[in-house]
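All remarks here apply to the structure that follows.
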Amino acid sequence: MFALVDCNNFYVSCERVFNPALNGRPVVVLSNNDGCVVARSPEAKALGIKMGEPAFKLDTLFRQYRVAVCSSNYQLYGDMSQRVMNTLSQFAPEIEVYSIDEAFLNWNGIPEDLEALGRRIRATVRKHTGIPVSVGIGSTKVLAKVANDCAKKAPENDGVFLLDGREKTEKLLARLEIGEIWGIGRKHAALLNRYGIQTAAEFIRMPDGWIRKHLTVVGLRIKEELLGISCLPLELMAPTKKAICTSRSFGESQSELEPLREAVATFAAQCGYKLRKQRTCAGVMTVFLQTNRFNSDEPQHNPHYTMVLPVATQSDLELIRYALEVLHKIYRPGYRYKKAGVIVSAIVPEEQVQGSLFDTVDRPKHRALMQTLDRINLRYGLATVKAAAQVGDSGWKLRREKLSPCYTTRWSDIITVKA
DNA sequence: TCTGGGGTCCTAGGACCC
DNA sequence: TCTGGGGTCCTAGGACCC
């Protein structure tokens, strides 16, 4: 058996933990740059606010219904997520942290009443962190997802749903639209609908060959999982990433080279940090620029260029140097760039880097320098020490007008309680 | 004026090898 | 007159997830 524990409207719940005045009110959290709605409280959902809707289109509605609007605060959410995951790991021998707000638990051979265990999890996470969660229990990961959906949507389940027994499962799948199933996205749902398949029950009646032809082996696995045959194992170790991307939309569009240099240098350094964190080096780097695709009357330019590095690296200084080289290649004056990014790939373990006869970089020195830099920044806060290329007047920086404090990760932001 | 930021997996087709 | 059969690797594109 698997349990899927999912935090209810996680980002909103994090904000509410530290600001109880947000309870009972419609609350939304916006994406980076205060762009789109990425989390909604139930009250906000009830107002018809859609996931991913651009915030500027909702201004009037926000005012009319006194919707509380928060910029996203990933430091806070990341830390709260860790606290939730720590609590969850006490409830299962194995746990897969699937995303910032979800985890699968291995409940094979647990002799207890699983529904009761689910309720205990809910109460404990609530007590330890203040975050409300839903627990879905099923014999495969896909069925646990289905169960979680029931736990969340039907109020009578009170946040916990155990999906067991053939009859119970069949009845549920007959009511479930195929597009609701984990792994069936919009395109596949539309395709299935065209063939007259509306529900999950109808889907699992289709022959294997047909599913394979139209939805590849991915679709076939989903069918098996819905039938109760587990083929998606728990993934306990997060695999090292094969590509790492750091990109941002700018608070304001940028035409000059200088702010773009600052931005691209910052993204390259961020990639370096992520590479070091998973103890890897990257051999290939892509830099891209984008103009605002929504301004169709503006000239568009979306260049990108990929460079093979002489020797795979994880040093900020080297990554920045190459990223700026590439930036100069692709930049053209006269365009208003809205977004830029750096992607590193061809990632290898740091102890398996292929050297070069003509290497001019003092690698041990870079390594020591980066270690020191990471230690300082860990202790004194993000980017306390950084490369000069990253420093500037920052016109490109994110817009985050409604940012909450970093209650749990910054001493100066720690919460004050008046009694 | 204002529209996010990450990732993964699978397949088909072409290049190349013996 | 006759022109094989088996692989691997890489990339682009499309689907999906949160």
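In this structure, A/Asp101 places its CG atom 15 Å from P of C/dC17, rounding to the nearest Å. Rounded to an integer number of Å, the gap from CD of A/Glu96 to P of C/dC17 is 15 Å. Put simply, NE2 on A/His214 is 14 Å from P on C/dC16, counting in whole angstrom units. Rounded to an integer number of Å, the gap from CZ of A/Arg186 to C1' of C/dC18 is 15 Å.
Between A/Lys223 and A/Asp208 there is a salt bridge, since at least one side-chain N of the basic residue sits less than 4.0 Å from a carboxylate O of the acidic one.
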Using Watson-Crick and G-U wobble pairs whose two distances are both under 3.5 Å, how do you write the pairing of DNA chain B as dot-bracket, with | for links to another strand? ....||||||||||||||

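A side-chain donor-acceptor contact under 3.5 Å links A/Asn377 to the backbone of A/Thr384. In this structure, the side chain of A/Glu318 does not engage the main chain of A/Asp316 through any donor-acceptor pair within 3.5 Å.
Partners of A/Tyr11 by ring pair (Phe, Tyr, Trp, His ring centres under 6.0 Å), not counting sequence neighbours, listed by chain and number: A/Tyr74, A/Tyr77. Judged as a salt bridge (charged side-chain N to carboxylate O under 4.0 Å, His left out), and not counting sequence neighbours, A/Lys277 has no contacts. Partners of A/Arg166 according to the salt bridge (charged side-chain N to carboxylate O under 4.0 Å, His left out) rule, which considers only residues two or more places apart in sequence or in another chain, are A/Glu170.
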Treat primed atoms plus P, OP1 and OP2 as sugar-phosphate and everything else as base, then score nucleotides 2-15 of chain B 5' to 3': B for base contact with protein heavy atoms under 4.0 Å, S for sugar-phosphate contact only, - for none. BBSSSSSSSS----

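Side-chain contact between A/Met80 and A/Thr408 is present, with heavy atoms from C-beta onward closer than 4.5 Å.
Rounded to whole Å, the separation between the P atoms of B/dT3 and C/dC18 comes to 25 Å.
Residue pairs meeting the salt bridge (charged side-chain N to carboxylate O under 4.0 Å, His left out) criterion with at least one member in residues 191-201 of chain A: none, sequence neighbours excluded.
Using a 4.0 Å heavy-atom distance criterion, A/Glu53 is classed as making no nucleic acid contact. Using a 4.0 Å heavy-atom criterion, one finds that A/Ile184 contacts the sugar-phosphate atoms exclusively.
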